[in-house]
Amino acid sequence: MLREFFLNEVKSAVNSLVKNKKLGQMSEADNYNLQSEIPKNAQFGDFAVNVSSLSRYTKLPPVKTAEIIASEINKSDFEINVTAGFINFKINSFMLNKIVTEVLDKKLDYAKNDIGKGEKVILEYVSANPTGPFHIGHGRWAAMGSALANVMKYSGYNVYQEFYINDAGSQIQKLGKSLYIRILQEFEVKIDFPSDEEEAKNFYTGDFLIPVAKEFIKEENKRAKIIEETWNGNYNEEQLKYLSKYARLKMLSKQQKLLENFHTHFDNFYSELTLHESGKVEACIKKLSELGVLYEQDGAVWFASSKYGDEKDRVIKKSDGAYTYLTADIAYHYDKLQRGFTKLLNIWGADHHGYIPRMRAAVEVLGYNPDSLEVLLGQLVNLVINGEEVRMGKRTKMVTLDDLIDEVGVDATRYWMIMKSIDTTLDFDIELAKSKTDDNPVFYVQYAHARACSILRNASADKLDIVNNKMQSGNELDLSKADFNLLWTTGDEKAEETTKKLLLKLEEYKSAVQNAAKNRSPYLITKYLQELAADFHKFYTFSKVIVENEGLMCARLFVVKAVILILQSAMKLIAIEAPEKM
RNA sequence: GCGUCUGUAGCUCAGCUGGAUAGAGCAAUUGCCUUCUAAGCAAUGGGUCGAGCGUUCGAAUCGCUCCAGGCGUACCA
């Protein structure tokens with residue numbers, strides 16, 4: 001990376017000065033927090049390193065310190081100048097041209113890197129109950145999680161994506177009973193969910209089970225008839241069990257289909273039920289018991305998590321003999337650790353944040369580094385319809401992820417879900433996301449790609465016999481016809497300035513990717529995409545690509561192609577389409 | 001009460017491992033299509049960075065105290 005390159009220039013200059021004792025009381029450069037940055041004001045240079053923080057060791061004014069260090073740097077492919085405490089670098093056309101050829105050479109892998117060092121990461125996200133349709137919040141986790149997984153894989157992490165199915169416990173029976181009623185209703189039996197609010201809580205009264213009931217009658221007509229015929233006001237235990245399982249699997253498969261459609265692919269769906277059935281929950285409790293962190297009180301079994309940073313102890317086994325949700329979850333995380341993952345990365349809704357200390361406590365007690373558990377807390381999503389915030393409360397009718405995607409489309413939904421930092425409550429404005437105008441960043445970015453593709457099409461269609469990039473005709477452009485130096489001798493200052501900015505932005509993709517992976521912040525990719533698209537549109541405005549001069553035209557065509565490659569790479573990371581025409 | 005996230009331009013948000021004049025998009029005003037997609041570009045206006053105190057040569061950024069909002073504070077999942 002160029003940023004790193006210039007930082008290293010400064011560091012090695014410092015080291016050599018230190019060796020010769022020319023820098024006062026300083027030791028090696030790595031002991032100081034030096035950073036390279038891109039100056040906000042381009043007149044200073046293309047890159048800069050601020051060394052004023054070293055002044056307290058050199059006992060010299062910042063400018064003097066910077067000058068001494070700068071004079072120690074051998075400049076070859078760049079210019080150097082000092083302002084205040086900054087050492088500024090201006091790169092030359094040779095380095096700029098190299099950016100283009102490197103992109104063309106590495107293509108979609110241009111920014112691929114290995115900062116993850118192959119760390120075995122299990123990323124768990126969405127993890128919903130199979131008891132209903134996804135709501136829009138699930139959509140945010142799905143979009144963010146899948147994008148993060150892509151970004152981290154691209155950065156050398158070994159990422160395994162898992163969805164934990166909360167398919168154990170009473171809610172599944174509740175689901176079965178509700179389907180039972182919906183089936184009877186299909187047969188026109190006069191029965192409805194309890195009107196009493198308290199009793200209605202034992203059912204899923206949403207209408208999402210109506211189509212499931214219809215499917216059931218179609219697929220299992222015989223059994224459906226038996227259910228209707230044997231109805232006597234009480235649930236038939238055998239049929240209820242069957243329906244519970246049927247509904248559970250049906251809902252799960254609907255969820256899985258939706259996720260794939262939403263460009264979210266899991267390596268595994270891990271069933272909580274199998275966790276119980278395999279005896280892993282029991283085994284985990286036994287282990288905790290042996291470790292001496294469990295005790296009995298008030299007829300329940302407790303985990304002494306408060307000794308490990310939690311604010312109070314937690315119930316593991318309720319006085320009615322059932323396990324809590326936490327118990328299975330501890331066993332699940334134990335299982336993840338035993339499968340050899342060294343980083344347990346979870347995306348949880350902000351409403352679960354109080355849950356972190358107890359899970360950390362469990363990881364620690366089980367003999368692992370509590371820092372191997374890393375939870376990304378996602379703030380919630382509010383829907384904005386016609387400018388008004390619709391809070392997803394119990395009273396309002398839930399808008400499902402399905403509805404949202406139907407309304408807005410997969411790409412726009414994903415983009416809007418990823419666009420904001422996970423720390424901020426997301427206001428999802430349906431009208432804005434739907435709009436195909438300039439207030440919608442998705443289209444801005446996709447339009448840049450379509451526009452670039454169009455140039456390549458036009459170039460191949462009328463002007464030359466070199467051509468299109470692979471997705472068009474399979475041919476490759478002929479690099480030998482391009483004269484990149486012509487980019488910098490046009491006499492058109494604005495054209496050269498915007499071209500330079502564009503090329504530097506291409507190079508910045510590397511930093512964007514690494515920061516996104518390191519900080520678990522996929523929104524940095526959408527931010528980068530918007531910046532790249534903007535720089536491309538500016539380039540387009542000031543540099544006509546298809547021109548008489550063949551050497552210049554080819555050089556610009558290659559710039560365009562490089563832009564297309566980076567746009568595609570970044571859009572692939574966040575899993576949205578890169579349309580060739582719009 | 002305690003924990004946690006947030007408070008930056010009219011709106012939505014970046015910037016927050018301290019550093020050059022606080023940025024972007026939208027909205028507003030004004031220009032630019034006989035020339036590669038105007039879903040675009042150029043220009044202009046717009047800010048006591050919630051408030052106060054402190055640390056520092058230097059604070060939107062770090063610390064403390066307030067203020068406002070979201071979420072949580074179960075033998076629910």
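Chain identifiers are assigned alphabetically (A, B, ...) following the order of the sequence lines, protein sequences preceding nucleic acid strands; residue numbering begins at 1 within each chain. Since the model is a prediction, treat every value here as computed from it, not as a measurement.
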ring-ring contact (aromatic ring centres under 6.0 Å, His included) between Phe163(A) and Phe269(A), worked out: CA-CA 5 Å; Phe163(A) 180 117; Phe269(A) 287 80; 5.0 Å; yes
Phosphate contact ([N] OP1 or OP2) by [X] side-chain N/O below 4.0 Å:
| X | N | result |
| --- | --- | --- |
| Lys527(A) | U12(B) | no |
| Tyr540(A) | A38(B) | yes |
| Arg314(A) | A74(B) | no |
| Tyr528(A) | A14(B) | no |
| Lys494(A) | C41(B) | no |

In C26(B), glycosidic geometry as syn within 90° of 0 or anti otherwise: anti
Return the nearest nucleotide to the side chain of [X]; candidates are [options].
| X | options | result |
| --- | --- | --- |
| Asp423(A) | C41(B), C5(B), U35(B) | C5(B) |
| Ala350(A) | G19(B), C71(B), A77(B) | C71(B) |
| Thr424(A) | A14(B), A74(B), C5(B) | A14(B) |

Distance-only donor-acceptor test, Ser319(A) side-chain atoms vs C75(B) base atoms, 3.5 Å: yes
base_contact_polar (A20(B) base, Asn88(A) side chain, donor-acceptor, <3.5 Å): yes
Rounded distance in Å between the P positions of A22(B) and U61(B): 15 Å
Centroid-centroid distance, Tyr164(A) to Tyr332(A), less than 6.0 Å: yes
Sugar-phosphate only, base, or nothing, as touched by Ala448(A) at under 4.0 Å among non-hydrogen atoms: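 If one applies the 4.0 Å heavy-atom cut-off, Ala448(A) turns out to touch nothing in the nucleic acid.
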Under 3.5 Å donor-acceptor, Lys481(A) side chain and Met553(A) backbone: no
Carboxylate-amine/guanidinium contact Lys336(A) Glu162(A), below 4.0 Å: no
Between G7(B) (P) and Leu426(A) (CG): distance, integer Å: 15 Å
Ring-on-base stacking A20(B) with Phe86(A) (under 5.5 Å, under 30°):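 One would call Phe86(A) stacked on the A20(B) base.
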